[in-house]
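Here the structure comes first, spelled out in structure tokens, and everything after it is commentary.
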Amino acid sequence: MFELNRQQRQAVAHRGGPLLVQAGAGTGKTGTLASRVADLIEGGVPPGRICLLTFTRRAAQEMLTRAGHLTTPGAAAQVWGGTFHSVAHRVLRLHGRRLGLSPGFSVLDQGDAAEVLGLVRHDVLAAEAARRTSAPRTTPPPGPRQGGAPGGGAGGRRFPRPDTLASIYSRVVSTAEPLSSVVERDFPWCRQEVAGIRAIFEGYTARKRARQMLDFEDLLLAWRGIGSATAGAELLAGLWDQVLVDEYQDTNALQADILALLRPDGTGLTVVGDDAQAIYGFRAATARNMDVFVARFPGTTVVRLEENYRSIPPILAVANAIMAVATGGGDAKVLWSQRAGSGRPRLRICEDEAFQAEAVCDSVLAHRDDGVMLRRQAVLFRASHHADLVELALARRNIPYVKYGGLRILEAAHVKDLVALLRLLDNPWDEVAWFRILPLLEGVGPATARRVMADLGLPSAAPAAPAAPAAPTGPAAPGSAAGAGLAPAAGAGSTIAWAPSDPATSPLARLLAVAPRVPEAAADAVAGLRLALGECADSCLPGGATPAPGVQVERLSRWLAPVIARKYSSPAARMSDLDQLAGVAAAYRDRGQFVAELTLDPPVATGDLAGPPLLDEDWLVLSTVHSAKGGEWDVVHVIHAADGMFPSDMACGDAESIEEERRLMYVAVTRARDVLEINLPRRYHVAREQFRRLSDRHLYAQVSRFLTDEVLALMDVEHAGPPVPTDEGASCAPASGVSEAAGMELVDQFLSGLWA
DNA sequence: CGGGGTACCATTTTT
DNA sequence: TGGTACCCCG
């Protein structure tokens, strides 16, 4: 059972006005929140009138499970719990009609958004190119191709690519900052292209509205949007009696607005956070929300949790020393702990990256021999690819591990194919899904796909055909064509914007009713597709029932099998992924809910889909620091703690982002309970590892700037070199560009390697 | 119009 | 390495 201290009890028992809990790392925040939920239920608040907003779905589940142990079994399960985005989705499915939103709307994740932006980008650039080539008749020189820039169409210019556009868009919307200033500050290399970017964003918005698609930002905007009408505001304020928010330091201004709509006077509102752990500034989160909260809701009760129950004192000393020099991070909190334990954290300076990987594996195994199971240990890093060599080494030694952060299974092509099929069934106007599925057919490429979509009632936004070769009409006509490219079919677009569309005339209904015209090679596949979709469509069973999601996934995978065999490598492995997915789908009763949860909260770890069988075993955790938030392990291995990697050199532009990197390091070290080991490679390759192309040039890393002399004084520093020094000291021959000092240090390492 | 071949570029964290 | 855009051939 969870024993509460005085402050925790105060946070649990508080009733009435708004409550702000400042909870330092490891101070029992999760248990406190869970207890508060249970206490509210015990006190008579109906569970369905409580909403618990957390940073990940896992966090919500964990808290509600714990709350369930403290109160009537099953009651806690009725609490609304999840991320802002997933709760937004549920609210909008219920009440989105107020905004003209059909309940079957699609959710676009960042990748989907980039695809739509890519479609619009294509149209806008094509229109522009058409205008350009027609007026001055300068075709690009035939010889050395000018189109190096991936903006291609527009004469060698550097135009942002789809995923860059998605980041710019996301940043502009979530900060509510003007496009021009965001580009100027964060994407200065695009500043020439602001006009084009603006055009693409306008087209993107029109497209989403017409097709009933919402991206992540839209989910929050629409949620807030409900409150812009009086009736909607009343509805929102009446949804719940108690709203609790975790990780409040990582919410943004929009989310704060939503909270104010949910509990206008702040009663029944609880937020918990720690400004020293604010690490999502890049996503427009602002720890200022913590201060703003107090100002916005006068009479807020503030409770501070400062006793740490997680780490032994020497680890906390390092954490405190890292934050001691932080600037602008709110009031300096000093964590303290009554735990016994005196093992000092260790800094291991490794000869190079390969040796770092080996040293970490050695250490992991040594701790396991000491009785710390693999799952009680974690390897933490700043960027996903930092773990590459460690992963290789683990695989070579047959050490099982699960990796969080970085690539997701949902981003694999074959999984996206399947999800696209499911999305079609839910939202037949989902253009991205159609545009993904149709070119899977043999003989069908983008052009035919566009034509088929038009036949199905999904006209392509930009009339590419008239814009390009025709245009004999002089400069005026192409000019207007380019204008039309922005809000193509402007009339049609505006009339159907947000309008719930009639399923009976949907593109899906049309496909099922009449076989579309496709090249001969695709005829069989189309027939199979129509059959498969027909057997999964809503109310397709006798009696008006709909097959269960798990059944649908199986049925659609069966159709997908030959496609996958033809298009992708290792089809067997991919099909087994789809089998796993069917297993996950089987837990759902509603297809839309399944797809939405898959997008909003995708399986985060490699092997996550593998599920239960793995749970019997023991495995090591590999995680980005971001994904490790909220976690704790007995032994924590931090890797790549070198300047330029952690902090990332990409984040060293301004003081504010460096401070965020510092907090990131603070989060990393405060995950450790008993043992903290920080590693860095002394020597590393210049070329980016993520390109798999390592150059010969070596650089010599500096210890991360956050590990100052004051911090190092609290640690045991050790050098680790190759176990057996190799021939003629080649390993210490300075590479080009190495300073004298670095060369000497290399000699020292060589020597200490002899004695290691 | 689709698909194969070629040349080029790529910066980190995630709901 | 791998995604993208373009060229050219069938």
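Quick note on labels: first sequence line is chain A, next is B, and so on, each numbered from 1. Quantities reported herein were computed from a predicted structural model and do not represent experimental measurements.
- Under the salt bridge (Lys or Arg N to Asp or Glu O under 4.0 Å) criterion, D163(A) pairs with no residue, sequence neighbours left out.
- The number of heavy-atom neighbours closer than 6.0 Å to CZ of R288(A), taken from other residues, nucleotides and ligands shown, is 12 or below.
- Of the candidates dT12(B), dT4(C), dC1(B), dT4(C) carries the atom nearest the R161(A) side chain, counting heavy atoms from C-beta on.
- Between S648(A) and dT11(B), a side-chain N or O to OP1/OP2 separation shorter than 4.0 Å is absent.
- If you find the closest nucleotide of DNA chain B to P519(A) and to H626(A), the one lying nearer the 5' end belongs to P519(A).
- In this structure, the CD1 atom of I168(A) is 16 Å from the P atom of dT12(B), given to the nearest Å.
- In this structure R90(A) satisfies the salt bridge (Lys or Arg N to Asp or Glu O under 4.0 Å) test with no other residue, sequence neighbours excluded.
- At the heavy-atom level, E660(A) lies nowhere under 4.0 Å from the strands shown.
- F55(A) places its CZ atom 15 Å from the P atom of dT13(B), with the value rounded to the nearest Å.
- Here dT14(B) presents its P atom at 10 Å from CG of L664(A), a figure rounded to the nearest Å.
- Between the CD1 atom of I658(A) and the P atom of dT13(B) there is a distance of 19 Å, given to the nearest Å.
- In this structure, Y280(A) reaches the sugar-phosphate backbone alone: every heavy-atom distance under 4.0 Å involves primed, P, OP1 or OP2 atoms, never a base.
- Taking 4.0 angstrom as the limit, R121(A) places none of its side-chain polar atoms (N or O) nearer than this to OP1 or OP2 of dT4(C).
- Ion pairing between R705(A) and E661(A) fails under the 4.0 Å rule for side-chain N and carboxylate O.
- Atom pair H385(A):NE2 and dT1(C):P shows a separation of 17 Å (rounding to whole Å applied).
- One can place CH2 of W223(A) at 17 Å from P of dT15(B), the figure rounded to the nearest angstrom.
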Between the protein and nucleotides 3-5 of chain B, are there any N/O to N/O pairs under 3.5 Å, and if so, what are the atom names and distances?
from	atom 1	to	atom 2	distance (Å)
dG3(B)	OP1	G443(A)	N	3.3

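- Note: F706(A) and F646(A) have perpendicular aromatic rings, judged against thresholds of 30 and 60 degrees for the angle between ring planes.
- Atom NZ of K629(A) is separated from atom C1' of dT14(B) by 10 Å (rounded to the nearest Å).
- Under 4.0 Å is where a charged nitrogen must lie from a carboxylate oxygen, and between K208(A) and E217(A) no such pair does.
- Look at OH on Y169(A): it is 21 Å from P on dT14(B), rounded to the nearest Å.
- Remark: S627(A) is in phosphate contact with dT14(B), judged by side-chain N or O atoms under 4.0 Å from OP1 or OP2.
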- Task: Could you check E247(A) against Y280(A) for side-chain hydrogen bond (donor to acceptor under 3.5 Å, both in side chains), going step by step and ending with a plain yes or no?
- Result: CA-CA 11 Å; E247(A) 308 283 8; Y280(A) 279 89; over 6 Å; no

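- Of all nucleotides listed (dT12(B), dC1(B), dT14(B)), dT14(B) comes nearest to the side chain of R283(A).
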